[in-house]
Amino acid sequence: SFKPIVYARAFEKGYLPETVLFDIPTQFGACGAFDRSSTPPCYAPDNYDNKFTGPISLRNALGQSRNVPAVQLLSMIGLPDALTTAKNLGLTTLDRDGSRYGLTLVLGGGEVSLLDMTSVYGVFANEGVRNPVTGILEVIDNNGTTLEKMTPHPETVMDANATRNLSSVLSDNVARTPLFGANSFFFFPDRQVAGKTGTTNSNKDAWVFGYTPSIAVGVWSGNNDNTPMKKGSSISGAAWRTYMDAAVKKL
């Protein structure tokens with residue numbers, strides 16, 4: 001679910017959804033000439049299906065959540081740049097030096113909170129404008145007098161065109177069909193809804209984030225004792241879709 005942050009920053013820097021990267025076996029870091037391992041400091045990421053598709057556009061790479069192109073893209077824009085972007089978008093927990101995360105950051109190598117990540121997707125929905133998270137909009141006493149009211153403090157933290165490119169990709173049902181199928185929980189027949197999943201190793205965490213211009217919703221599922229689940233993001237997908245079905249009727 002961190003991948004869209006890197007893609008959005010790439011779009012800010014001039015990359016396009018049609019830009020082509022290479023989903024092929026790739027090593028990053030200090031690797032020996034004949035070393036085909038992924039032993040530090042050499043890093044060789046795999047895809048979720050253990051396959052490689054060859055040349056692929058950023059649109060299809062993100063739509064299908066391919067790991068190798070995502071790591072390539074992070075290496076191209078730079079880890080410090082990605083961390084700065086993530087913090088500007090609202091992530092508060094990535095407070096260590098970039099070397100602590102490495103290129104695995106784009107695959108979930110840094111711990112984040114559900115609230116922060118949902119807020120990030122809210123920036124994408126709001127075309128680059130961030131509103132700080134607040135839990136109280138207004139306090140009114142029993143006489144109807146407003147005692148306290150939240151004052152909005154919007155801040156532009158990302159180029160609007162970059163977020164539009166990202167939303168175009170994340171709402172492209174054709175691009176994500178090879179991964180999710182044509183009628184996934186992200187598919188709404190009467191509207192375009194942008195969405196992204198995230199599943200950690202051994203299915204210990206299942207994330208789903210999605211948005212329209214009016215609302216951003218995030219769902220996390222997992223066991224309290226951090227034991228693996230039998231499935232990944234599809235567990236959160238059912239809850240997310242049930243909520244969104246109700247929300248889009250009102251918004």
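Along the sequence shown, residues carry numbers from 1.
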Item checked: Derivation and outcome, side-chain hydrogen bond (donor to acceptor under 3.5 Å, both in side chains), residues Thr156 and Arg130 -> CA-CA 6 Å; Thr156 299; Arg130 178 173 183 266; over 6 Å; no

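- Checked by atom type and distance alone, the side chain of Asn223 never pairs as donor or acceptor with a backbone atom of Asp225 at under 3.5 Å.
- Between the side chain of Thr104 and the main chain of Leu107, no donor-acceptor pair closer than 3.5 Å is present.
- A donor-acceptor pair is defined here as one N or O able to donate and one able to accept, closer than 3.5 Å; no such pair exists between the side chain of Ser233 and the backbone of Trp207.
- By the ring pair (Phe, Tyr, Trp, His ring centres under 6.0 Å) test, Tyr121 is found to be paired with Phe124, Phe209, residues two or more places apart in sequence or in another chain being considered.
- With a 6.0 Å radius and a threshold of 12 heavy atoms from other residues, nucleotides or ligands, Tyr243 has its OH atom at or below the threshold.
- Formation of a donor-acceptor pair under 3.5 Å by the Ser168 side chain with backbone atoms of Arg164 is not found in this model.
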Notebook entry, point to check: Step by step, would you call Lys13 with Asp159 a salt bridge (Lys or Arg N to Asp or Glu O under 4.0 Å)?
Noted result: CA-CA 10 Å; Lys13 300 185 81 166; Asp159 177 71; over 6 Å; no

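- With 3.5 Å as the limit, one finds no donor-acceptor pair spanning the side chains of Thr227 and Lys204.
- Side-chain atoms of Arg176 do not come within 3.5 Å of backbone N or O of Asn60 as any donor-acceptor pair.
- Remark: side-chain polar atoms of Thr197 are not paired, donor with acceptor, to backbone N or O of Val208 under 3.5 angstrom.
- Rounding to the nearest 0.5 Å places CD1 of Ile140 at 8.5 Å from CG of Leu147.
- Around CD1 of Ile136, the count of heavy atoms belonging to other residues, nucleotides or ligands within 6.0 Å does not exceed 12.
- The CD atom of Glu155 sits 10.0 Å away from atom CG of Asn131, with the distance rounded to the nearest 0.5 Å.
- Of the inter-residue distances, the one linking Met244 atom CE with Phe185 atom CZ reads 12.0 Å to the nearest 0.5 angstrom.
- Under a 3.5 Å cut-off, the side chain of Trp240 and the backbone N or O of Val217 do form a donor-acceptor pair.
- Proximity of Ile77 to Val6: side-chain heavy atoms (C-beta onward) are separated by under 4.5 Å at one or more points.
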Margin query: Is there a side-chain contact (heavy atoms from CB on, under 4.5 Å) between Asn47 and Val68? Walk through the geometry before answering.
Written below: CA-CA 6 Å; Asn47 292 307; Val68 176; 3.9 Å; yes

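- Of the possible polar contacts, one joining the Thr200 side chain to the Asp205 backbone as a donor-acceptor pair under 3.5 Å is found.
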Item checked: Step-by-step side-chain contact (heavy atoms from CB on, under 4.5 Å) determination, Phe11 to Leu16 -> CA-CA 6 Å; Phe11 292 146; Leu16 298 171; 5.6 Å; no

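- Residues Leu62 and Leu166 have side chains in contact (heavy-atom distance under 4.5 Å, counting atoms from C-beta outward).
- Surrounding CG of Asn201 are at most 12 heavy atoms belonging to other residues, nucleotides or ligands under 6.0 Å away.
- The ring pair (Phe, Tyr, Trp, His ring centres under 6.0 Å) search around Tyr211 returns none, not counting sequence neighbours.
- Within 6.0 Å of atom NZ in Lys231, 12 or fewer heavy atoms from other residues, nucleotides or ligands are found, so the atom counts as exposed in its surroundings.
- Proximity of Leu58 to Tyr7: side-chain heavy atoms (C-beta onward) are separated by under 4.5 Å at one or more points.
- Phe188 carries Arg241 over the face of its six-membered ring, with the cationic atom under 6.0 Å from the centre and within 45° of the normal.
- Remark: the Arg9 side chain and the Thr84 side chain contain no N/O donor-acceptor pair separated by less than 3.5 Å.
- Not one N or O on the side chain of Asp23 forms a donor-acceptor pair closer than 3.5 Å with the backbone of Ile56.
- For the pair Thr85 (side chain) and Asp81 (backbone), a donor-acceptor distance under 3.5 Å is present.
- No more than 12 heavy atoms of other residues, nucleotides or ligands lie within 6.0 Å of CG in Asn224, so this atom counts as exposed by the packing criterion.
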